[in-house]
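Step one of this worksheet: look at the structure below.
Scope of the values below: all heavy atoms of this structure, side chains included, with no hydrogens, waters or symmetry mates. We count ligands from 1, going down the list as the structure has it; atoms in each ligand are counted the same way.
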Amino acid sequence: MTSTIDPSSIGKPPPKRGRRHVRTLTGYTPETDEQGKEKWLRGDETVWRSSIPPLHKDVPAITKSVVNHVHTSLARQAYNLDDLGAYQAAALSVRDDLILNWNDTQLHYSRTGPKRAYYLSLEFLMGRTLDNALLNLGLKEQYSDGINKLGFNLEDLLEQERDAGLGNGGLGRLAACYLDSSASQELPVWGYGLRYKYGIFKQLIGPDGSQLEAPDPWLEHDNPWELPRLDVTYEVRFYGHAERLDNMKALWSGGQEVLAMAYDVMIPGYDTKSTNNLRLWESKPKRGFDLQSFNAGDYERAVESSNSAAAITSVLYPNDHTTFGKELRLKQQYFWTAASLADIVRRFKNLDKPLTEFPDYVAIQLNDTHPTLAIPELMRILVDEEDLSWDTAWQIVTNTFFFTNHTVLPEALEKWPVPLMENLLPRHMQIIFDINMIFLQAVEKMFPGDREKLARMSLIEEGFPQNIRMANLACIGSRKVNGVAELHSELVRITIMKDFVDFYGVSKFSNVTNGITPRRWLDQCNPGLSSLISETLGIPKATFLKDLYKLEGLLKFVDDPVFEKKWAVVKQSNKERLANYVENILGVRINTNAMFDVQIKRLHEYKRQTLNIMGVIHRYLTLKAMTPEERKKVNPKVVFFAGKAAPGYYIAKLTIRLIINAARILNADPETKDLLSLYFLPDYSVSLAEVLIPASDISQHISTAGTEASGTSNMKFCLNGGLLLGTVDGANIEIAEEVGENNVFFFGHLTPAVEDLRYQHMYHPVPIEEKCPALANVLNEISAGRFGDGGVYEPLLNTIRQTDYYLLTEDFDSYIAALKMVDEAYQDRVEWIKKSIRTTAKMGKFSSDRAIQDYAQEYWNIESTKIN
Ligand SMILES: *Cc1c(COP(=O)(O)O)cnc(C)c1O
């Protein structure tokens, strides 16, 4: 569908927005000429929209604009500026460009009315913005020069920015990559999320080696990248009473109302004017405070309601792949989905189309089950407020939503107690019951008498209390359901969604393999490699940064010794950069001639950092048992870990403690420290990933088969020429398909074996000494206190000795064998470099541009629109 400007809209005042009356500034009217080309009047000046010059195209204009912001926006003096001030001024100057592009993009969308897609995600792990904005605007060199002219250094200024840590891990980073790809491909896609006052906690390490958590006050220094929208607010109701009326309608009233206010974050596309929007909601009290209590002298009570309203968006829940059933979390979910839907429906209504055409103009992607309440909320709006029949409303809903599943781990499947939902959202509970009743009648019709199937498919899980199964609701309320890698999508079809596949047919269930943006994860984090690729292929960076399949051209150079040499030099300089970083934060100098082995991701038993640390200790014990002569033949290795554990996740926190205390012993052992050292880098973040990933020789993605839905850091490492050591799981499989199995190091049992093995462990346990003597020996050394008080680690060790749910004893021997193959392969440095080049060359598929194209074409049915 292509849209043109509706001529009758030209010259009319824009529609009323919310409850406010908006007008056009006199003399500032957008107009269209006879050929339908838009022009733009700015006061007396008439300029073609496409000819509005970028604000800062040359260095003098840049320095002028930066100094101007120093004097006006910051109210500081040019003779008295630090790096932070200079960063703020530079950011505000870059922001001016973004705002103009953003304005033109949004104006174009509202005047042409294309179908739009909305990405609802409770997490957006954006990282830093300035560097990315400069890259996407094509202004990096100019700003670098301009900042230099002012006596500052752009690299130093970039370091001043705080990460926007509004996410836990992969799910939130995926959302961020998808926004970059949508804008870069000129697709009308907005993100909707929450503006947490505190993002993911800051991780500190205590004296005994355990993780401590501190708040992340990321907004402390003001955030130049967001625009507060005082005029975009919605009221959101909680609690109260829902009275059923005729025709399946109801009246929901009473309770508590809070205000959602929008903050807009500009999302610039790469090498295009297209600049999309990420709208984040902040909660506020509807009325400042209770004046009556205040007048009666009860100040505390007066601010109570304002505090409880503000609490809704105060913190990001720090759990990844687990659910906690806290009322405040459910409040967050509803607050966010209600505000977002109100905003989406209002925007649709500006088009003056009948509501039945809603799915022709709106597609909504649910990133995991967190926004599932959007389904009953849209039903509520359509049935209760817009007076549509239930069936018409359901037709609209099930053609609007799309659901991405992110996990098949049972502990991660969201469930909410019915009594909690009934109290907080009484009308939504009724709607969920009604959806369920109608749905189960249809199931019963197709599978008469199959009571067990009905029980499995019901939205309500029986028990005390009953629970609502959010994945089931997301599935039946959506047009399509997808997993995030081939294996995972298959597991979704044959495990948690099996009955739904029988009922709907398999075509509702498909796959979109995750991707990463090559702008941040190649050019920005590894400019040296990006330049080398551009120079070697003889094409501008933009060519492969927009079409990552172009990297395949590198295959021609795999056997070119000069190119191999240059490739190795880039890797080496990235290892030096990491070594400098480590020296800054830990005060130690690491050996950059060693192999760098990296595992960075959230701490979780299924990701098996424990397997890795057991492997490290095994290596240490092996080295200790060698003669000095034997040790001479060993290649030095440095092992890096980084990652946060959920504050309440006891076993994961013990793993961190073990890593840190093992590091203290290993790094101090004069016999072995030059051959094996170990670092846990605290406070993993996007910015830390950007330093670590380009420096890695080998990275580990070693989840128990069938547990990692996709993984995306595996893609980041491979794009940067790091080889992969992993299990046959998630996207590792597709990476191997692309780069060839001889370029990855696979080990461990396969997914189909896992269930059987767990059964064996449960019902026919074999003592660990028999099953895996090498691992038993490692556990005994830890117990014996070789890495500090052994007793501390017993609960962690017992997870392995007893149920061993994640199958460490099953995979340990093949893991050690794979590590040995890595060592042997690394001895032949030339062949290693060839593998590294081949790996990068075949990463085209894993660009998030490809993933977003899949969604745009197969799911959302939206098209690119060029912004002039
Ligand atoms: C990419 C990324 C992740 C996801 O890592 P996985 O290894 O795929 O779990 C998590 N956190 C950050 C900061 C990332 O950049």
Spatial distance of atom CG (N136) from atom CD (Q524) [nearest 0.5 Å] | 8.0 Å
Numbering as shown, the atoms of ligand 1 that approach V686 to under 4.0 Å (heavy-atom distance) | 13 (C)
Here the pair of heavy atoms bringing E220 nearest to R162 is OE1-NH2, 3.1 Å
Check whether any heavy atom of W521 sits under 4.0 Å from an atom of ligand 1.
-> yes
Any idea which heavy atoms bring F746 and A736 closest together, and the distance?
-> CE1-CB, 3.4 Å
Quick one: does R602 get a heavy atom under 4.0 Å from ligand 1?
-> no
Any chance the side chains of R758 and Y805 put a donor and an acceptor closer than 3.5 Å?
-> yes
When the aromatic ring centroids of F747 and Y815 are compared, is their separation below 6.0 Å?
-> yes
Atom 9 (O) of ligand 1 [closest protein heavy-atom partner, distance rounded to 0.1 Å] = K607 NZ, 2.7 Å
Mind checking whether D368 and N405 have side chains closer than 4.5 Å, heavy atoms only?
-> no
Per-atom contacts, ligand 1 versus T712 - under 4.0 Å to a heavy atom | 1 (C), 4 (C), 8 (O)
Which of the atoms in ligand 1, numbered in the order shown and given with their element, are less than 4.0 Å from a heavy-atom of S685?
-> 13 (C)
Looking only at protein heavy atoms, identify the closest one to atom 5 (O) of ligand 1 and say how far it is in Å.
-> S713 CB, 3.5 Å
Within a distance under 4.0 Å of any heavy atom of K716, pick out the atoms of ligand 1 and give their elements.
-> 1 (C), 2 (C), 3 (C), 14 (C), 15 (O)
For K601, take its heavy atoms, then give the atoms of ligand 1 lying under 4.0 Å from any of them.
-> 7 (O), 9 (O)
Nearest-neighbour protein heavy atom for atom 11 (N) of ligand 1, which is reported as residue plus atom name and distance = Y684 CE2, 3.4 Å
Determine, using ring centers only, whether Y855 and Y119 are less than 6.0 Å apart.
-> no
Of the backbone atoms (N, CA, C, O) and the side-chain heavy atoms from C-beta on, which set of S710 has a member under 4.0 Å from an atom of ligand 1: side chain, backbone, both, or neither?
-> neither
Aromatic ring centroids of Y192 and Y118 under 6.0 Å?
-> yes
Ring centroid separation F596 to F640 under 6.0 Å | yes
Output the list of atoms in ligand 1 that are nearer than 4.0 Å to some heavy atom of G711, sorted by atom number.
-> 8 (O)
In the protein, which heavy atom is nearest to atom 4 (C) of ligand 1, and how far is it?
-> G170 CA, 3.5 Å
For G169, the ligand 1 atoms whose distance to one of its heavy atoms is below 4.0 Å | 10 (C), 11 (N)
